[in-house]
There are 2 protein chains.
Amino acid sequence: MGHAVTIKDIAKILNVSVSTVSRALRDTYDVNQETKKRILSLAAELNYKPNFNATGLAQGSTHNIGVVLPFITNYYFSTVITGIQEVAYDNNYNIILFITNDSSERELSIIQNLSLSRLDGLLVSVSSNSDSCNHFQEIIDEGTPIVFFDRIASNIDTSKVMQGDYKGAFEAVEHLIESGYTKIAHIAGPKGLDFTEKRLNGYLDALKKHGLAAREEWIIFSGFSQEYGETDTYQLLQCEQRPDAIFAVNDRKAIGAIVALKNNGVIIGKEIGVIGFTDDPICTIISPSITTIAEPAFEIGTTSCDLLLKHINKKNFNPQEIILPGKLMVRDSTRRN
Amino acid sequence: MGHAVTIKDIAKILNVSVSTVSRALRDTYDVNQETKKRILSLAAELNYKPNFNATGLAQGSTHNIGVVLPFITNYYFSTVITGIQEVAYDNNYNIILFITNDSSERELSIIQNLSLSRLDGLLVSVSSNSDSCNHFQEIIDEGTPIVFFDRIASNIDTSKVMQGDYKGAFEAVEHLIESGYTKIAHIAGPKGLDFTEKRLNGYLDALKKHGLAAREEWIIFSGFSQEYGETDTYQLLQCEQRPDAIFAVNDRKAIGAIVALKNNGVIIGKEIGVIGFTDDPICTIISPSITTIAEPAFEIGTTSCDLLLKHINKKNFNPQEIILPGKLMVRDSTRRN
DNA sequence: TATATCTATGCAATCGTTGCCGAAACTGTA
DNA sequence: TACAGTTTCGGCAACGATTGCATAGATATA
């Protein structure tokens, strides 16, 4: 109904020019204290809200940032978004959500149809099967900053925020060793993926540091789902040398391991220890509760958004790569009694 | 770098007026087939993207819809959003996310600071402790349509999309009865909440239909969390007449019930059946797996978004209230052997 | 008193697009 | 040939805000 109040309305009522109103509102030019006060109070009274289409047009900035990610239906990503949203809200930015369903085609289509005029910057976690990242480079070249988080495009020169996969894995395995486990298996992610590698290396180096052997049959690469966790575990139970602990690349696979071990009557913790990665809330619900490395999802969101705002506000902000440490959460699945 | 290509650039290159280009691009006015073809192909070649700030300004519409909800870190809401996003994407709308953290103050602050000029419409699920909904009415009065989903503001005359709480509860209890349980308890939500009432009524009516008694001591009102589910269940186990089945108002409380029953050595399914509501993925992970009523979260998202688009596009679209049915998912927690 | 300086404000162009009005250029009809 | 009717298109004024430039009036300086 009616129409939203504009600076013109205020100008007419107060019998001043629109430019005066604009300047008073933005507190940046010389405006008589008295008139400024009148303008501000009338604006408040009329509940004036700037039209962002107009400001966007005039000064080339909207207060929107785009968030592009594979899913939001899991603990990790939804928590990251909550972190992003927190910083964005505090800085008066809005977030526009783009979900790729982890499909590179969808991702490409989203990026290509993106109306950059609507966005001041972009926060992205690339879909797992997208190989080429030229489309991101083009956006950066056109002047819209991008910050990558979690699943990064490593060949693009911009800020990136990741969790400490290597260190987290190292710490996880070291925890197993310190708890007295010595025959430690790893059910890993798909080969070739960045963080599969990093977590694998953390695992290997922890073993090496403590003089433990890494047997090839104890390392299984497969998908990320619970089902893979189960089948991987059944395979481990067939090994000539049966392991006494399992480091899973993520919590879902750890859950699969738990299920498989239970099905085989193995007493978890006592006979075989299990540790995961992520700290999905399920870890505390399932029995036994699962020891895991908590990923700093919320902080990943806040840091990424902070960085992006810096890129937006300082033209030539130097790209940063930030690695946030995980945190060991000790629970029942690695308690020996 | 450079600047995005505009309609003016195209006009200059082709030596036609901007209005002709605009018309050709929008395919709505009379433009010579030949020139239209030239314009379209040049636009494609130059990778022209309309500036939404400008179109928004000119015709008073952005292609943005706002989504206001309490959380996104749970299965239900993140799935709803995924549904919303799906429809929005297909119709070339973007979604801007506002998270209230389930706080009415935050909700109010968000709504009051909303720049309506940036939004064509709003999809909202109100925060649980917000009593007054005047702020929503004001937005509607100013001409921005709102569609409520899940947690609705019942006194506002606009479209609403909900799940079938009453029928779902009815069906859940009937399933228990058909499975041979006769002494059915209900661990409910907080008193006074809309869907606490509806699920309670479904429970009561199903009992009545089958000539079963509803004992007061078998109905416990408390919070929504797993912990409440546990304490409620301990309380039920103390009852003079011990129930042989529990209908939980949601899955989290059902999980609590499972935990409590396990702790007391009760064999779930055989001695006491448990049924939940939502179909959180945890239901299939936990053991025993939990029978539940699946809420149509994704469909709630798509339907709400569909409705909102109708409100946006037809000025006086008649508000509709849509109730989407849940679906019984039978699992181990209600199998008697 | 005349001139320089400053403060406070207005004017008008601009951002990219839409949409109304009307003018050529062309077609068809009498 | 004259006139009406179509097509096709250009001009121009919005939309709401920002901003460089100009200027009126007040004040200070000589």
Side-chain angles (χ1 to χ4, degrees), chain A residues 2-40 42-43 46-64 92 114-120 142-144, chain B residues 2-40 42-43 46-64 92 115-120 142-143:
Chain A
H3 79 133
V5 8
T6 72
I7 60 173
K8 287 186 190 172
D9 300 326
I10 297 181
K12 198 179 296 168
I13 295 176
L14 257 29
N15 204 28
V16 294
S17 74
V18 290
S19 21
T20 304
V21 177
S22 170
R23 286 189 276 249
L25 252 20
R26 272 168 318 122
D27 203 26
T28 147
Y29 281 79
D30 295 332
V31 177
N32 183 287
Q33 284 303 319
E34 181 55 33
T35 46
K36 181 195 276 189
K37 205 176 290 174
R38 282 163 55 220
I39 291 172
L40 290 184
L42 182 61
L46 296 182
N47 194 23
Y48 165 79
K49 307 268 179 56
N51 181 313
F52 284 89
N53 285 317
T55 57
L57 230 205
Q59 55 182 16
S61 109
T62 68
H63 259 201
N64 290 150
N92 253 296
L114 218 52
S115 170
L116 262 16
S117 54
R118 189 198 297 253
L119 257 26
D120 286 359
E142 284 178 26
T144 303
Chain B
H3 79 131
V5 9
T6 72
I7 230 176
K8 286 186 190 171
D9 301 325
I10 298 181
K12 199 178 297 170
I13 294 177
L14 257 30
N15 203 27
V16 294
S17 75
V18 290
S19 19
T20 303
V21 178
S22 171
R23 284 186 284 247
L25 253 19
R26 275 170 308 129
D27 200 30
T28 146
Y29 281 80
D30 296 330
V31 179
N32 183 288
Q33 284 302 319
E34 181 54 34
T35 47
K36 181 196 277 189
K37 207 177 289 173
R38 283 163 54 221
I39 290 173
L40 289 184
L42 182 62
L46 297 181
N47 194 21
Y48 165 80
K49 307 267 179 57
N51 181 312
F52 284 92
N53 286 317
T55 57
L57 228 206
Q59 55 181 17
S61 106
T62 69
H63 258 202
N64 290 149
N92 253 295
S115 169
L116 263 16
S117 55
R118 189 198 297 252
L119 258 26
D120 285 0
E142 283 178 25

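Each chain gets a letter, A, B and so on, in the order the sequences are listed, and its residues count up from 1. From a predicted model like this one, the values you see are computed outputs, not experimental measurements.
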Just the rounded figure in Å: distance from [atom2] of [N] to [atom1] of [X].
{"X": "Glu34(A)", "N": "dT7(C)", "atom1": "CD", "atom2": "C1'", "result": "15 Å"}
{"X": "Gln33(B)", "N": "dC26(C)", "atom1": "CD", "atom2": "P", "result": "18 Å"}
{"X": "Arg38(B)", "N": "dC9(D)", "atom1": "CZ", "atom2": "C1'", "result": "12 Å"}
{"X": "Asp9(A)", "N": "dC15(D)", "atom1": "CG", "atom2": "C1'", "result": "13 Å"}
{"X": "Gln59(A)", "N": "dG16(C)", "atom1": "CD", "atom2": "P", "result": "14 Å"}
{"X": "His63(B)", "N": "dG16(C)", "atom1": "NE2", "atom2": "C1'", "result": "16 Å"}
{"X": "Leu57(A)", "N": "dT18(C)", "atom1": "CG", "atom2": "C1'", "result": "12 Å"}
{"X": "Asn53(B)", "N": "dT18(D)", "atom1": "CG", "atom2": "P", "result": "13 Å"}

Check your understanding: Of all the choices, dG10(D), dG16(D), dT8(D), which nucleotide is nearest to the side chain of Arg23(B) once you look at every atom?
Key ->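 The listed nucleotide nearest to Arg23(B)'s side chain is dG10(D).
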Practice item. Could you check which of dT18(C), dT8(D), dG16(D) has an atom nearest any side-chain atom of Ala54(A)? Key: dG16(D)
Study note, to complete from the structure: DNA chain C nearest-nucleotide lookup for Tyr48(B) and Val21(A): closer to the 5′ end is Val21(A)
Point to revise | Ala58(A) vs Val18(A), nearer the 5' end of DNA chain C by closest nucleotide | key: Val18(A)
Exercise for review: Would you give the length of the straight line joining atom NZ of Lys37(A) to atom CD of Gln33(A), rounded to the nearest 0.5 angstrom?
Suggested key: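 It comes to 7.0 Å.
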Review point. If you round to the nearest 0.5 Å, how far is OG1 of Thr20(A) from NZ of Lys36(A)?
Key: 12.0 Å
Give a yes/no answer on whether the side chain of [X] brings an N or O atom under 4.0 Å of OP1 or OP2 in [N].
{"X": "Ser22(A)", "N": "dT18(D)", "result": "yes"}
{"X": "Lys36(A)", "N": "dA8(C)", "result": "no"}
{"X": "Asn32(B)", "N": "dT8(D)", "result": "yes"}

Review point. Which sits closer to the 5' end of DNA chain D, Lys49(A) or Ser17(B), going by the nucleotide each is nearest to?
Key: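 It is Ser17(B), whose closest nucleotide lies nearer the 5' terminus.
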Exercise for review: Would you kindly compare Thr20(A) and Thr35(B) by the position of their nearest DNA chain D nucleotide and give the one closer to the 5′ end?
Suggested key: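 That would be Thr35(B).
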**Study point:** Side-chain donor/acceptor contact of Ser19(A) with base of dC11(C) under 3.5 Å
**Key:**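 Side chain to base: pair present.
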Side-chain donor-acceptor contacts of residues 49-59 of chain B below 3.5 Å, not counting sequence neighbours, with atom names and distances?
{"from": "Lys49(B)", "atom 1": "NZ", "to": "Gln112(A)", "atom 2": "O", "distance (Å)": "2.9"}
{"from": "Asn51(B)", "atom 1": "OD1", "to": "Asn53(B)", "atom 2": "N", "distance (Å)": "2.7"}
{"from": "Asn51(B)", "atom 1": "OD1", "to": "Ala54(B)", "atom 2": "N", "distance (Å)": "3.0"}
{"from": "Asn53(B)", "atom 1": "ND2", "to": "Ser117(A)", "atom 2": "O", "distance (Å)": "2.9"}
{"from": "Thr55(B)", "atom 1": "OG1", "to": "Phe52(B)", "atom 2": "O", "distance (Å)": "3.2"}

Review point. When we call it a touch if two heavy atoms are under 4.0 Å apart, what does Thr6(A) touch: a base, just sugar-phosphate, or nothing?
Key: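 Sugar-phosphate contact only - Thr6(A) comes under 4.0 Å of backbone atoms but never of a base.
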**Study point:** Closest non-hydrogen atom pair between Leu14(B) and Arg38(B), with its separation
**Key:**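 In terms of heavy atoms, the two residues are closest at O-NH2, 3.5 Å.
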**Study point:** Counterpart residues, side-chain contact (heavy atoms from CB on, under 4.5 Å), relative to Asp120(A) (two or more places apart)
**Key:** Ser61(A), Thr62(A), His63(A), Tyr93(A), Ile312(A)
